[in-house]
There are 2 protein chains.
Amino acid sequence: MKFEDQYFKSAFSVDCVIFGFDTNALKVLLIRRGAEPMKGSLAIPGDLVSINESLEQGVERVLNQSVGISNLYMEQVYTFGRVDRHPDGRVITIAYYALVNVRDYKLSAASFAESADWYPVSEALELELGFDHNEILQACFGQLKLKVQSAPIGFELLPKKFTLSQLQLLYELILERDLDKRNFRKKILSLDILTPLNEKQKGVAHRPAKLYQFDEEKYRAMKIVGGLNFDAKKNS
Amino acid sequence: MKFEDQYFKSAFSVDCVIFGFDTNALKVLLIRRGAEPMKGSLAIPGDLVSINESLEQGVERVLNQSVGISNLYMEQVYTFGRVDRHPDGRVITIAYYALVNVRDYKLSAASFAESADWYPVSEALELELGFDHNEILQACFGQLKLKVQSAPIGFELLPKKFTLSQLQLLYELILERDLDKRNFRKKILSLDILTPLNEKQKGVAHRPAKLYQFDEEKYRAMKIVGGLNFDAKKNS
DNA sequence: CCAACATAGTGTAAATATAACGTAAAGTAT
DNA sequence: ATACTTTACGTTATATTTACACTATGTTGG
């Protein structure tokens, strides 16, 4: 094979698993592809990256087209490069995940999509996705699980004001196990990155909970010690 | 820009930071580039990946050309894709690291290299490397540090038979901090993945230490519990 | 042969972190 | 006013982590 046929003949894409927390469920955004290849199949939002576009710009573009918003928390996870993973030629893809508060944004089917919808993560993991997207989803969810135990990224998924119970539920959904209420509160509060507000939950049919806010400044200021650890042993 | 100029006009490479442990130093293999681009500068071994070659095959090839051996422990770390990172066009690179026992193999300057040599990691981190290889080296070293605390990959860098002191030194070099001897031994032995041999160190001018061997079967058999943790607090 | 040297090998106690657990208080709905 | 639902909260037992110093075993050199 000649040099020019062997190299500089490939393309690369970014795929972005967008996680969202909607009141009481952890969800992931999937699109129904509106164009070939894999037209009609479910997939993670993603797109080819142009040769004069950085990876991050590519992800930003995909996010903009999918949830119409930029500046989300995002993280690169893994690069998938199976030779035959894409029907149109050699396309390797760099997988990212991003975190959104579902209520904040409106979905807009991206140019490459026929439709876009939120699926509960557990459900999405069972669906058949196009390309190698099942593998990608799994890798990203795994990474999220790890990350959530070493940095307070949970807040990226919540509205500005939230209750400790909401926060705990979110962690339980991500970690897929129950946490002890008192221990959770103790641990979270001991991090000293939450500001309690003089405000309570409204419209609930029971004792309303105090609202809290994530204090980004305090978080940045603190030197990050070891990982968090939510009842790793017995509840597992 | 037309579609065909925008996509399928890029290339991708793999770069592989090869870590080696040589008696008493943690080293990394660097090459002096023998071809353009960046001819003459120091760099991490790597090469373009052909369009019908998988990423892993690409890394294997680079490893073969560099240390003449395959089947090393390796791990993907991160993908670097700055638009202008490569002078010849759009080339994104997928960074891996690999672990070798330096004594086992002979270096062979790869086709793309003028020479190849082991550098102490601390020194290599200070050198000016070609492309964005400083960044890559840092990312890989960081990843190694993390990984060594959650899986017993240290053994990949040691000869089959080793002493606990050698193992401890290796961990100290990777983690860049001192570890307590008794606590280290306690922890490592409690993992129950080392087989003590009826054999002692030879040719040392002091009391010879007992030799141990990593028991891969036992390791595989055991369900991996939480991370290891080497005196995280006070010695730091 | 013996003294000097160098590293191997070993245990315990104190401090800290994690895990388990139940009850009273504050709202809402009827 | 009663039933209902969820909030809020502290203590004890257990497990893990950290700190710390001396004797044993070999080699080397005089």
Side-chain angles (χ1 to χ4, degrees), chain A residues 23-24 148-150 158 161-173 175 177-192 194-213 222 224-236, chain B residues 23-24 148-150 158 161-173 175 177-192 194-213 222 224-236:
Chain A
T23 327
N24 52 9
V148 93
Q149 290 174 83
S150 68
L158 290 169
K161 303 172 180 180
F162 52 85
T163 70
L164 293 184
S165 294
Q166 288 173 324
L167 185 60
Q168 180 177 344
L169 173 59
L170 172 57
Y171 274 81
E172 289 176 335
L173 290 169
L175 297 174
R177 62 190 166 88
D178 290 343
L179 302 175
D180 180 90
K181 182 152 79 162
R182 276 174 294 190
N183 293 337
F184 179 81
R185 289 160 111 91
K186 229 181 306 172
K187 183 152 244 163
I188 282 287
L189 291 175
S190 77
L191 296 178
D192 195 37
L194 293 190
T195 312
L197 302 173
N198 287 328
E199 212 176 327
K200 297 194 170 179
Q201 218 178 4
K202 278 182 183 163
V204 287
H206 54 77
R207 175 174 175 181
K210 178 178 267 192
L211 290 169
Y212 287 82
Q213 199 173 281
M222 93 193 200
I224 299 146
V225 201
L228 318 184
N229 186 333
F230 300 101
D231 297 7
K233 298 276 161 52
K234 261 294 186 54
N235 276 335
S236 68
Chain B
T23 328
N24 52 10
V148 94
Q149 291 174 82
S150 67
L158 290 169
K161 303 172 181 182
F162 52 85
T163 71
L164 293 182
S165 293
Q166 288 173 324
L167 185 60
Q168 181 176 344
L169 173 59
L170 172 57
Y171 273 81
E172 289 176 336
L173 290 168
L175 296 173
R177 62 192 165 87
D178 290 342
L179 302 176
D180 179 88
K181 182 155 75 163
R182 277 174 293 188
N183 293 339
F184 179 81
R185 291 161 109 90
K186 228 182 308 173
K187 183 151 242 163
I188 281 287
L189 292 176
S190 77
L191 296 178
D192 195 36
L194 293 190
T195 312
L197 302 173
N198 286 328
E199 214 178 325
K200 298 195 168 178
Q201 218 178 4
K202 277 181 184 165
V204 287
H206 55 77
R207 174 176 176 180
K210 176 178 268 192
L211 291 169
Y212 288 81
Q213 200 173 280
M222 92 193 199
I224 298 146
V225 200
L228 316 185
N229 185 333
F230 300 101
D231 296 5
K233 300 274 161 54
K234 261 295 187 48
N235 276 332
S236 68

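Straight-line distance from the CZ atom of A:Phe162 to the C1' atom of D:dT7: 16 Å, rounded to whole Å. For B:Gln168 and C:dT7, the CD to P distance is 13 Å, given to the nearest whole Å. Going from atom CZ of B:Phe184 over to atom C1' of C:dT10 covers 16 Å, rounded to whole Å. Rounded to an integer number of Å, the gap from B:Asp178 CG to D:dT18 P is 14 Å. If you measure from atom CG of B:Leu179 to atom C1' of D:dT18, you get 12 Å, rounded to the nearest angstrom. Atom CG in A:Leu211 sits about 11 Å away from atom P in D:dT7, given to the nearest Å. Atom-to-atom, CD of B:Glu199 to C1' of C:dA8 comes out at 17 Å; the value is rounded to the nearest Å. Distance, A:Arg185 CZ to C:dA19 P: 18 Å, rounded to whole Å.
In this view, A:Thr23 and A:Arg103 satisfy the side chain to side chain donor-acceptor pair (under 3.5 Å) rule, not counting sequence neighbours. Contacts of B:Lys210 classified as side chain to side chain donor-acceptor pair (under 3.5 Å), with partners at least two apart in sequence or in another chain: none. Under the side-chain contact (heavy atoms from CB on, under 4.5 Å) criterion, A:Lys186 pairs with A:Asn183, not counting sequence neighbours.
The shortest distance between the side-chain N/O atoms of A:Lys187 and the OP1/OP2 oxygens of C:dT18 is below 4.0 Å. Taking only side-chain nitrogens and oxygens, A:Ser165 comes nearer than 4.0 Å to OP1 or OP2 of D:dT7.
Formation of a donor-acceptor pair under 3.5 Å by the B:Gln201 side chain with backbone atoms of B:Ala209 is found in this model.
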| remark: Counting primed atoms, P, OP1 and OP2 as sugar-phosphate and everything else as base, the B/S/- map of nucleotides 21-30 of chain C against protein heavy atoms under 4.0 Å is BB--BBBSS-
Can you give each donor-acceptor pair under 3.5 Å made by side-chain atoms of residues 161-171 of chain B, sequence neighbours left out, with the distance rounded to 0.1 Å?
unit_1   : atom_1 : unit_2   : atom_2 : d
B:Lys161 : NZ     : B:Glu199 : OE1    : 3.0
B:Lys161 : NZ     : B:Glu199 : OE2    : 3.2
B:Thr163 : OG1    : B:Ser165 : N      : 3.4
B:Thr163 : OG1    : B:Gln166 : N      : 3.1
B:Gln166 : OE1    : B:Thr163 : N      : 2.8
B:Gln168 : NE2    : B:Glu172 : OE2    : 3.1
B:Gln168 : NE2    : B:Leu179 : O      : 2.9

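Atom CD of residue A:Gln213 and atom CG of residue A:Leu158 lie 12.0 Å apart, to the nearest 0.5 angstrom.
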